[in-house]
Amino acid sequence: MDTVEQLHDRLAARFPAAHVAVVTNPGPAAEHSLLLDPAHAHDIALFLRDDPALRLDYCSNVTGIDWPDKEITDTVKTSVPDPAGGPPKTVEQKTVHVQPGCLEAVYHLYSMALKHGPVIIRLRTANRTDRVALPSLTPVWRACDFQEREVYDLYGIVFERHPDLRRLLMWDEFKDHPMRKDYVEPDDYEWEPTAHGAILEKAKAHQSAASPVAGVADPGPTIKAPGSPSPATARPEARP
Amino acid sequence: MSDPQVSGLSPQVSVPGPTAFGQPGGPSVRQVRDPFHGDLLEVSMGPQHPSTHGVFRMVVTLDGELIVKLKPVFGYLHRNHEKIAENTTYLGSMPYTDRLDYLCSMSTNWAYALAVEKLAGQAVPDRAQYLRIIMAEMTRLVNHSCLVGFLFNDLGTSFTPLLYAFREREKFLDLFEALSGSRMMCNYQRFGGCRVDPSPAWLATARALVEGYPRFLDEYERMLTGNEIMLARTQGIGRLDGVHAVNAGLTGPVLRASGVGYDVRKVDGYGFYPRFDFRVPLGAHGDTYDRYMMRILEMRESVKILQQAFRDLPAGPIMDPKAKIRGFRPKPGEAYGRIESPKGELGFYLISDGSPNPYRYRVRPPSLINLTLLEEMCLGHTIADAVVILGSIDIVLGEVDR
């Protein structure tokens, strides 16, 4: 099988309009990947699946990754000659710029027919907030069906042309995307405006109207300390 | 059994895209309320249903007794395993991987250890490699025998075959408990080796158990394989052809029952599997009966692997001396490690940013992806068949919902 560089050259020759880049993996696994241009991803995926030398007929794994905005500090060192005539001084100049974040989908492809792989392809969204659409590869590999739904659910990547894009693991009414790095979970998942809550509110309003003490909405049950009856409720009792 | 190298695919076959209902090319379903033909019935099976193997739910639309539409619903056991693992150290997730596929914790541990070792470039000593194979194949015996028992439960035998399987399983679980301290949540593998070295007495017991296992299989098969009800209920039910199975990413015995010879043990040759002599059984029809036979034949192959492993088990250390337990921080990079778990291809995709926690931790769950074609397998069959088809796919909800 071709190396990633050879595959990159083949794709560049076949799809001259597409931007294909090699993403190197610095780790010991050294499985490099191809970053595809979302506009041509579907055509390239079809080519990867049907090309007789590749025949990547099996999409094993679809992963969503969140890359939040990153602040990068660049330090530029310049040597300034000392006007007093001493040795030149080194002055550090720091500039901070924000590297915009994105959401990424990673596909691990293998060939069951030719028994080789993996070829790893990556797709990146334009940003993390409003331009989060990527082309779905489910029409190419049905194996992406549930996995793309899961990525949509947990990361919020919208896969266009997916036949059935719904949440997979979270419930349909859920609002956020919990696998994002900046996700903050709600204080109480279980809270919901039930009839019980509404009735409680009504009772509070009723009690505040009827309460002899102004401003006390819900005095609640009075806790009596043993041996010390509260003055409001203390009454002389007839004892035998 | 045919040669594992022979693939069921021919290069001319073009794979159609997914055919969802309501889309051009897909099967059409008439309206649920149709006064002319009679109403369709929508049945919600699960999540609390004994035949769904946990909290799986499927919304089935029935025309009379035949299934015309089936939508699986997931998430009742979702606890965001991946997020929890991203917030803990690499080793801290090891016991948590036990809970993914809680019937096969040994092989799930191995898949995670394999991915981390690939990420960190960690070597594993020979004895540990053999021990891993022993544990993984024992797990396969346990899983497949129980699966067959559960499948027969779904067929209505009401526990008799399952109790035969549980009788054998207890012996293996006793061994796992003696070794790792826990019957099911073994937490046995470490990055660069295994946690405990088995004693000679343990090995002798395990070896005797494995030697006696074919007798149990013969007994099991005599009772089940030729059973008339079994044949009538499973042959030709839930057919799946190899091309669609490959395209839908099905793996494991479900894929091989459709005649596609793809076994990660053979293809990747991870661990020391290339040193072992075993064959990969293939089915011819892709129906429920073939999926049942795959399990039986794979158990026989696993026994062969175990016999070779006990014979060749070398002496030596079980942990690589360079392996780091504390302060383990792999260099930045990523790795995808996968094994042939009893359910299919179990993979872990890890991205390290050099910190003690993984930046991204992804589980490729075979149970979930094997359900992709459940609807296609069940269409046109009765709901009683759908239960059997689901049973033959072999899912564990701890892994499906994560």
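Source: prediction; values computed, not measured. Reminder, nothing fancy here: chain letters follow the sequence lines and each chain counts from 1.
- At a 4.5 Å heavy-atom cutoff, A:Arg167 makes no contact with chain B through either its backbone or its side chain.
- If you measure heavy-atom distances from B:Gln122 to chain A, you find no contacts under 4.5 Å at all.
- Of the candidates B:Tyr90, B:Phe348, B:Tyr96, B:Phe348 is the only one forming a ring-ring contact (aromatic ring centres under 6.0 Å, His included) with B:Tyr112.
- With a threshold of 4.5 angstrom between heavy atoms, B:Leu77 does not approach chain A through any atom at all.
- The choice from A:Gly64, A:Pro52, A:Ala30 that makes the most heavy-atom pairs within less than 4.5 Å of chain B is A:Gly64.
- The pair B:Asp263-B:Arg265 meets the salt-bridge criterion, with a side-chain N (NZ, NE, NH1 or NH2) lying under 4.0 Å from an Asp/Glu carboxylate O.
- When heavy atoms are compared at a cutoff of 4.5 Å, A:Val106 approaches chain B solely by way of its side chain, counted from C-beta outward.
- The part of B:Glu345 that comes within reach of chain A is its side chain, from C-beta onward, which places non-hydrogen atoms under 4.5 angstrom from that chain.
- Between chain B and the residues A:Thr24, A:Asp153, A:Leu168, A:Asn61, the most heavy-atom pairs under 4.5 angstrom are made by A:Asn61.
- Checked against a 6.0 Å centroid threshold, the rings of B:Phe191 and B:Phe328 count as neighbours.
- Using a 4.5 Å cut-off between non-hydrogen atoms, the part of residues 354-362 of chain B that approaches chain A consists of B:Tyr359, B:Arg360, B:Arg362.
- Note on B:Asp268 versus B:Arg338: salt bridge recorded, some NZ/NE/NH1/NH2 to OD/OE distance being below 4.0 Å.
- B:Tyr273 has its ring centre less than 6.0 Å from the ring centre of B:Tyr270.
- A salt bridge links B:Glu375 with B:Lys71: the distance from a Lys NZ or Arg NE/NH1/NH2 to an Asp or Glu carboxylate oxygen falls below 4.0 Å.
- Ionic pairing of A:Arg14 and A:Asp51 is not present here: no N-O contact between side-chain nitrogen and carboxylate oxygen is shorter than 4.0 angstrom.
- Contact annotation for A:Asn25: only side-chain heavy atoms (C-beta onward) come within less than 4.5 Å of a heavy atom of chain B.
- Among A:Ser60, A:Gly27, A:Pro28, A:Cys59, the residue making the largest number of heavy-atom pairs under 4.5 Å with chain B is A:Ser60.
- Remark: aromatic rings of A:His177 and A:Tyr183 are distant, center separation not under 6.0 Å.
- Only the backbone of A:Asp66 comes within less than 4.5 Å of a heavy atom of chain B; no side-chain atom from C-beta onward does.
- Because its NZ or CZ atom is both nearer than 6.0 Å to the ring centre of B:Phe278 and within 45° of the ring axis, B:Lys266 counts as a cation-pi partner of that residue.
- The ring of A:Phe146 has its center closer than 6.0 angstrom to the ring center of B:Phe74.
- Across B:Gly121, B:Gly249, B:Ala248, the residue that shares the most heavy-atom pairs under 4.5 angstrom with chain A is B:Ala248.
- Residue contact with chain A, scored on non-hydrogen atoms closer than 4.5 Å, involves the side chain of B:Asn80 exclusively.
- Ring orientation note: the planes of A:Tyr110 and A:Tyr58 are tilted relative to one another, at an angle of 30° to 60°.
- Within the 4.5 Å cutoff, side-chain heavy atoms of A:Tyr107 are placed close to those of A:Leu137.
- B:Lys331 does not touch chain A: none of its heavy atoms, backbone or side chain, sits under 4.5 Å away.
- Residues B:Phe56 and B:Tyr76 place their aromatic rings such that the two centres sit no closer than 6.0 Å.
- At a 4.5 Å heavy-atom cutoff, B:Ser352 makes no contact with chain A through either its backbone or its side chain.
- Contact of B:Leu119 with chain A is made through the backbone alone, with heavy-atom distances under 4.5 Å.
- Salt bridge A:Glu150/B:Arg402: present, at least one basic N to carboxylate O contact under 4.0 Å.
- For chain A, no part of B:Val73 is nearby; none of its heavy atoms comes within less than 4.5 Å.
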